[in-house]
K.L.:
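This is the structure I have questions about; it appears just below.
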Amino acid sequence: MRSARFVIVVGGGIAGLAAGVALARAGIEVRVFERAHELGDTGGGITLWNNALGVLRNWGLEAHVCDAGCVLERGELRSAAGRTLVTTPLAEIARRTGSPAVALHRAQLATVLVSALPPGALALGREFVRFEVSDRGVRVFFADGSAERADVLIGADGLRSRVRAQLCGDAAPRYAGYTCWRGLATLPFASFPAHTAWEVWGRGARFGIVRLDGERVYWFLTANAPAGGRDDDAPARVRERVRGWCAPIAEVLACTEPASVRRDDLCDRPPLAVWTRGTVTLAGDAAHPMTPNLGQGACQGIEDAAVLAECLSAQGDAHAALARYEARRRPRTSRITVRSRRLGWIGQRERACECAVRDQLMALTPAAWMRRAYEANVSLPLG
Ligand code: FAD
């Protein structure tokens, strides 16, 4: 029987950093190994929903995250013509769940998490290659030829996780059928209100605008497209795809910093039946990569971190602790992965008649039902 005195986390993304913070707070020695030489700007804005903020509050980080970003008070779903289909009272939901939803720049979120790690806990420029399990623990090998030994290994190395590949022998991620452009813009409050997030649904495409810090917003466009497409001029391609859509989309694009625009094909994987073997487990996108339709990928990674720390800090065997962790996390993350893919399927309908019916159904769905469905994802199910 081996308890978890020293844990290695592979991957310094949101899930890996959160795992580092949670484990250190629980009194467990932890090191996070990240292959990048610096934690850079990885994709603009992100929204952390109430469930993630609930965890961050328990870690004393809620105020830091709120200060770094924008607390959202109102969400709207609109048609491409600008008709309001659904309004989500985010301020009221924050009161009911006990925590707000916050939009912030990913780099600022990383800064908040890194500042909560013990000195020396983050090792940059260390690329994981493989692991070996023996009676003496887990030996972790890196591309620079070095190796480290730990009691537990957590693979938080993202969508194309190498830890997962060795653990579960996975195939390639599953393309959702739509690609995503995102960017940052400086947009006056007169054009788009403070504390607000919109999603606008058109035919085979959706455009989102989310208030960030100051006068900045982050935006995204998802559009049906074959996998692997590239653009010579991404901002022009986006402008063309949403030509004629409601205000302030054209203005958002006109105010966009061109260098902030990036494109990614959206992928997930079908939920796994098992993601832990002995003293090796997974967290975040490595365990349950999901499409971003519910904006829950990083939030679930943060929930993983909290449950991992809770299970590993209880006295006893690390095998049993990781089995408890997986048993608590797999049902919820699998449900959200499936719901997220389903929502994407609905949102990306392309035929005019399907879109008209979809928009009408969204507009007619009772607000209380919508709020309950929303709260099922953003309520924190932890102990
Ligand atoms: P990653 O962010 O992929 O981090 C993995 C880390 O591991 C990386 O730093 C990588 O360099 C490192 N790594 C990889 N391989 C190795 C190796 N061999 N050795 C060492 N290090 C390695 N989620 C939300 O909660 N809210 C949102 O609003 C939201 N919006 C999104 C919008 C888009 C367009 C997309 C694509 C996703 C969105 N998500 C959102 C999902 C969210 O971005 C991810 O779920 C989250 O970033 C996953 O974090 P992670 O740490 O698990 O993985």
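One-based numbering, in listed order, for ligands and for the atoms of each. Owing to the predicted nature of the structure, the values given are computational and were not obtained by experimental measurement.
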K.L.:
Counting each atom of ligand 1 from 1 as listed, which ones have a heavy atom of Gly158 under 4.0 Å away?
P.N.:
3 (O), 5 (C), 53 (O)
K.L.:
Tell me whether the rings of Phe207 and Trp219 are parallel (<30°), tilted (30 to 60°) or perpendicular (>60°).
P.N.:
parallel
K.L.:
Within ligand 1, which atoms have a heavy atom of Arg106 less than 4.0 Å away?
P.N.:
30 (N), 31 (C), 32 (C), 37 (C), 38 (C), 39 (N), 43 (O), 47 (O)
K.L.:
Can you check salt bridge (charged side-chain N to carboxylate O under 4.0 Å, His left out) on Arg182 and Asp264, steps first, answer last?
P.N.:
CA-CA 9 Å; Arg182 40 189 157 153; Asp264 299 278; 2.9 Å; yes
K.L.:
Please report which non-hydrogen protein atom sits nearest to atom 22 (C) of ligand 1, along with the residue it belongs to and the distance in Å to one decimal place.
P.N.:
Arg35 CG, 3.8 Å
K.L.:
In terms of atom number and element, which parts of ligand 1 are under 4.0 angstrom from non-hydrogen atoms of Gly284?
P.N.:
52 (O)
K.L.:
Regarding Arg358 and Glu354, does a basic nitrogen lie under 4.0 Å from an acidic carboxylate oxygen?
P.N.:
no
K.L.:
Give the residue and atom name of whichever protein heavy atom lies nearest to atom 52 (O) of ligand 1, and the separation in Å to one decimal.
P.N.:
Asp285 N, 2.8 Å
K.L.:
Could you check whether Arg349 makes a cation-pi contact with Trp345, meaning its NZ or CZ is under 6.0 Å from the centre of the six-membered ring and within 45° of the ring axis?
P.N.:
yes
K.L.:
Could you see which bit of Ala36 sits under 4.0 Å from ligand 1, with heavy atoms only: side chain, backbone, both or neither?
P.N.:
neither
K.L.:
Leu48 versus ligand 1: do any nitrogen or oxygen atoms come within less than 3.5 Å of each other?
P.N.:
no
K.L.:
Would a distance-only check, ignoring hydrogens and angles, find a side-chain to backbone donor-acceptor pair under 3.5 Å from Thr88 to Leu90?
P.N.:
no
K.L.:
Which of the atoms in ligand 1, numbered in the order shown and given with their element, are less than 4.0 Å from a heavy-atom of Leu266?
P.N.:
36 (C)
K.L.:
List the closest protein heavy-atom neighbour of atom 19 (N) of ligand 1: residue, atom name, distance to the nearest 0.1 Å.
P.N.:
Phe128 N, 2.8 Å
K.L.:
For ligand 1, indicate whether the residue Ala15 contacts it via side chain, backbone, both or neither (heavy-atom separation under 4.0 Å).
P.N.:
both
K.L.:
With a 4.5 Å cut-off on side-chain heavy-atom distances among I, L, V, M, F, W and Y, is there a chain of contacts connecting Leu266 to Val210?
P.N.:
no
K.L.:
With heavy atoms only and a cut-off of under 4.0 Å, state how Leu39 meets ligand 1: side chain, backbone, both or neither.
P.N.:
neither
K.L.:
Can you name the atoms of ligand 1, numbered from 1 with element, that are less than 4.0 Å from a heavy atom of Cys299?
P.N.:
25 (O)
K.L.:
Does Ala205 offer a backbone N or O that forms a donor-acceptor pair with the side chain of Thr222 under 3.5 Å?
P.N.:
no
K.L.:
Within the 4.0 Å heavy-atom shell around Arg126, which atoms of ligand 1 are there?
P.N.:
19 (N), 20 (C)
K.L.:
Which residue and atom name correspond to the protein heavy atom nearest atom 28 (O) of ligand 1, and how close is it?
P.N.:
Thr47 N, 3.0 Å
K.L.:
Counting each atom of ligand 1 from 1 as listed, which ones have a heavy atom of Pro292 under 4.0 Å away?
P.N.:
31 (C), 32 (C), 33 (C), 35 (C), 37 (C), 38 (C)
K.L.:
If we set the cut-off at 4.0 Å for heavy atoms, which region of Ala156 has an atom near ligand 1: side chain, backbone, both, or neither?
P.N.:
backbone
K.L.:
Is the closest N or O pair between Trp49 and ligand 1 shorter than 3.5 Å?
P.N.:
no
K.L.:
Heavy atoms only, cut-off 4.0 Å: how does Phe33 contact ligand 1, side chain, backbone, both, or neither?
P.N.:
backbone
K.L.:
Under a 4.0 angstrom heavy-atom cut-off, which atoms of ligand 1 come close to Glu127?
P.N.:
18 (N), 19 (N)
K.L.:
Just checking, Arg106 and Tyr218: is the charged tip under 6.0 Å from the six-membered ring centre and within 45° of the axis?
P.N.:
no
K.L.:
Would you kindly specify which portion of Gln296 sits under 4.0 Å from ligand 1, judged on non-hydrogen atoms: side chain, backbone, both or neither?
P.N.:
backbone
K.L.:
Does atom CZ (Arg149) have a neighbourhood of more than 12 heavy atoms from anything else shown, all under 6.0 Å?
P.N.:
yes
K.L.:
Hey, is CZ on Arg136 packed in by over 12 heavy atoms from elsewhere, all under 6.0 Å?
P.N.:
no
K.L.:
Under a 4.0 Å N-O cut-off, is there an ion pair linking Glu127 with Arg162?
P.N.:
yes
K.L.:
Have a look at ligand 1 and work out which part of Met290, if any, has a heavy atom under 4.0 Å from it: side chain, backbone, both or neither.
P.N.:
neither
K.L.:
May I ask you to say whether Arg83 pairs ionically with Asp359, meaning some side-chain N is under 4.0 Å from a carboxylate O?
P.N.:
no
K.L.:
Give the residue and atom name of whichever protein heavy atom lies nearest to atom 11 (O) of ligand 1, and the separation in Å to one decimal.
P.N.:
Glu34 OE2, 2.6 Å
